[in-house]
Amino acid sequence: MMGLTLLLGIVGTMLLFYGMRALIALIVKKGKGNKQLHVFTFRQIQENVIHQSNSMAISSLLILAALCCFGAGVGIAGTNNLSSGHVIDYTFEDHTAEDSSQVLPNIKAVLKENSLENQFSELFEMRVGRIRTTEDYDNAYSMDAVMDSLRSLPQSEDRDVLLNNLGYATYPYLICLSDYNRLLELSGNPALQLGEKEAAVYIDTEFTTVSRTAMLNQVLAGHPKVELDGSPIHLTGEVQSVNLVTDRSITLSFALILPDEAFLYYSQGMYDTYVNAVLSEQALNGNSLITAYLDLNEKLDETDIEYESYLQNMGRQLFYTIASSYITLYLAIVFLVVANTIVGVQFLMSQQKTGRRYQTLIRLGATYETLCQSAGKQITWFMGLPVLVAAVSSLFGVRALFTGILSSRTRGTVAEMMFVSAAMILLLCVIEYIYMRVVKRSSDRYLLTLMQPQREE
């Protein structure tokens, strides 16, 4: 669909500028004859559009690319929030453990062996698994009642996106309740209370927005009945989204939080165990948080423990921000320079090729001011049309970029980013106007040279 959209957009822009010759011809016919050089001005414009419509279209597409990249880049950089809820400082893994229940004891043993156990005030498991009581993955979980409740809500984009995303949740992840409650306690949130046949929904913020979460909470308030491997359970509470581990590249689009006994039964003891850790006061010891991370990372690197720190996660998110914003800004500048060079140079070259026409007008009595006004109108049309078409298209292009390259968590601020992007697009249009004035001055200087009397042999 993206390829088809780009193809149709390019062809449509080409045809738009190709068809503008008819519009300009109509303006020539409807123009008042008492305006000085009116017919000459618009004949020149018509000729430029006819002979250079493809160049104008390409310039407009380049300006559109520049406006979209600049608007999207500034919007992402200006609204991206790198803080993702700092609750835990480290997450450890042990892939050598034969039994998942031995991961935490093994981590503690390694830390104690290297005299690092006093660096952490909290060490607790985060157990995440899958449904292992069946191999029918397509029917392991169904929530028809939830889908029916969503369909009964008023039609909206959020409702349709929820229905589409939840339609794929036939084989969800499972999260152990006691582990998640420990995480909630550290984050300052109340613990979940689940009955034997109850479960809570977990959706990472990367895959939802505030409005969609509120809509799903409205459905969950009715305690809908779902089926987990054929057994009925009720969903309760609100959608949970506290980060399970420090690594933001590990996210879950949909999961069920189950009581411990139910979790162990449905996972059949086959689950992944992450060990989350919180720094102790001794680890900080009056140092800044970054210094404490760096010091502890050096010590952990000497061990065989696989770990991820909050600092590493922040660095990764910063890299994502640079990749998605600053590179687009660089591309915007490149596109803008190329587009302006094309339209500016082509007009000045075209003006020089038609220099004899201006000389004829001078002999017929046209003044320098009149010629400058005529050339100025030509420049306004020749350069303004590509910019105008690109500015209108960029409002849709920036939104398409936000929808295509941003995560659901970031899309929650699309309205804010569109406001920033609109301001940047307006700023670029002002820059285009300044460049247009520069080209007009170059044109005026050229016309001034034509005003000098030339000797005819």
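Below, all heavy atoms of this structure are taken into account, side chains as well, without hydrogens, waters or symmetry copies. We're numbering straight along the sequence, starting at 1.
For the atom pair CE (Met56) and CG (Leu16), the distance works out to 9.5 Å, reported to the nearest 0.5 Å. Summarising the geometry, atom SG belonging to Cys68 is positioned 12.0 Å from atom CG belonging to Leu331; distances are rounded to the nearest 0.5 Å. Considering OH of Tyr435 and CD1 of Ile379, their distance stands at 10.5 Å, rounded to 0.5 Å. A distance of 14.0 Å separates CG of Leu264 from CZ of Arg132, quoted to the nearest 0.5 Å. Considering CG of Asn106 and OG of Ser101, their distance stands at 9.0 Å, rounded to 0.5 Å. A distance of 10.5 Å separates CD in Glu298 from CG in Leu300, rounded to the nearest 0.5 Å.
Between Tyr293 and Tyr310, the angle of the ring planes lies from 30° to 60°, which puts this pair in the tilted group.
Put simply, the side chain of Asp179 gets close to the backbone of Arg127: a donor and an acceptor are under 3.5 Å apart. Formation of a donor-acceptor pair under 3.5 Å by the Ser309 side chain with backbone atoms of Tyr90 is not found in this model.
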Problem set entry | side-chain contact (heavy atoms from CB on, under 4.5 Å) between Ile175 and Met126, worked out | CA-CA 8 Å; Ile175 302 173; Met126 179 57 62; 4.2 Å; yes

Exercise. Between Val219 and Leu162, is a side-chain contact (heavy atoms from CB on, under 4.5 Å) present by the stated rule, with each step listed?
Worked result: CA-CA 12 Å; Val219 174; Leu162 269 177; over 6 Å; no

Problem set entry | Chi angles and distances behind the side-chain hydrogen bond (donor to acceptor under 3.5 Å, both in side chains) call for Gln346, Ser55 | CA-CA 9 Å; Gln346 281 203 344; Ser55 298; 3.2 Å; yes

For this session: Please test Leu104 against Lys108 for side-chain contact (heavy atoms from CB on, under 4.5 Å), starting from the C-alpha separation and ending with a verdict.
Result: CA-CA 6 Å; Leu104 180 59; Lys108 287 183 176 180; 3.9 Å; yes

Problem set entry | Check against side-chain contact (heavy atoms from CB on, under 4.5 Å), Tyr266 and Leu256 | CA-CA 11 Å; Tyr266 285 108; Leu256 294 177; over 6 Å; no

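At a cut-off of 3.5 Å, with distance as the only test, no side-chain donor of Glu122 or Asn276 sits close to an acceptor on the other residue. No hydrogens or angles considered: nothing links the side chains of Thr303 and Asn114 as a donor-acceptor pair under 3.5 Å. Using modelled atom types, one finds no donor on one side chain facing an acceptor on the other under 3.5 Å when comparing Asp136 with Thr134. In this structure, a donor-acceptor pair under 3.5 Å is absent between the side chains of Ser241 and Thr205.
What you find for Leu279 and Ala292 is that their closest heavy atoms are CD1-CB, 4.3 Å. Closest heavy-atom contact between Ala339 and Ser59: CB-O, 3.7 Å. Heavy atoms only, all atoms of each residue included: His223 and His234 are closest at O-ND1, 3.2 Å. Nearest heavy atom pair, residue Asp260 against residue Leu177, reads OD1-N, 3.6 Å. The minimum heavy-atom distance linking Pro386 with Ser60 is given by the pair O-OG, 3.1 Å. Annotation for Leu216 and Ile203: closest pair CD2-CD1, 3.7 Å, computed over non-hydrogen atoms.
Taking the six-membered ring where the residue is Trp, the centroids of Phe92 and Phe120 are separated by under 6.0 Å.
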Using residues 4-14 as the side-chain source, report each donor-acceptor pair under 3.5 Å to any protein atom, sequence neighbours left out, with the distance given to one decimal.
unit_1, atom_1, unit_2, atom_2, d
Thr5, OG1, Met1, O, 2.7
Thr13, OG1, Gly9, O, 2.8

Please tabulate, for the side chains in residues 141-156, all donor-acceptor contacts under 3.5 angstrom to protein atoms that are two or more places apart in sequence or on a different chain.
unit_1, atom_1, unit_2, atom_2, d
Asp148, OD1, Arg151, NH1, 3.0
Ser149, OG, Ala145, O, 3.0
Ser152, OG, Ser149, O, 2.6
Gln155, NE2, Asp160, OD2, 2.6
Ser156, OG, Arg159, N, 3.2

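Both tests hold for Arg130 against Tyr173: distance to the six-membered ring centre under 6.0 Å, angle to the ring axis within 45°.
Identified under the salt bridge (Lys or Arg N to Asp or Glu O under 4.0 Å) test for residues 91-106, with sequence neighbours left out: none.
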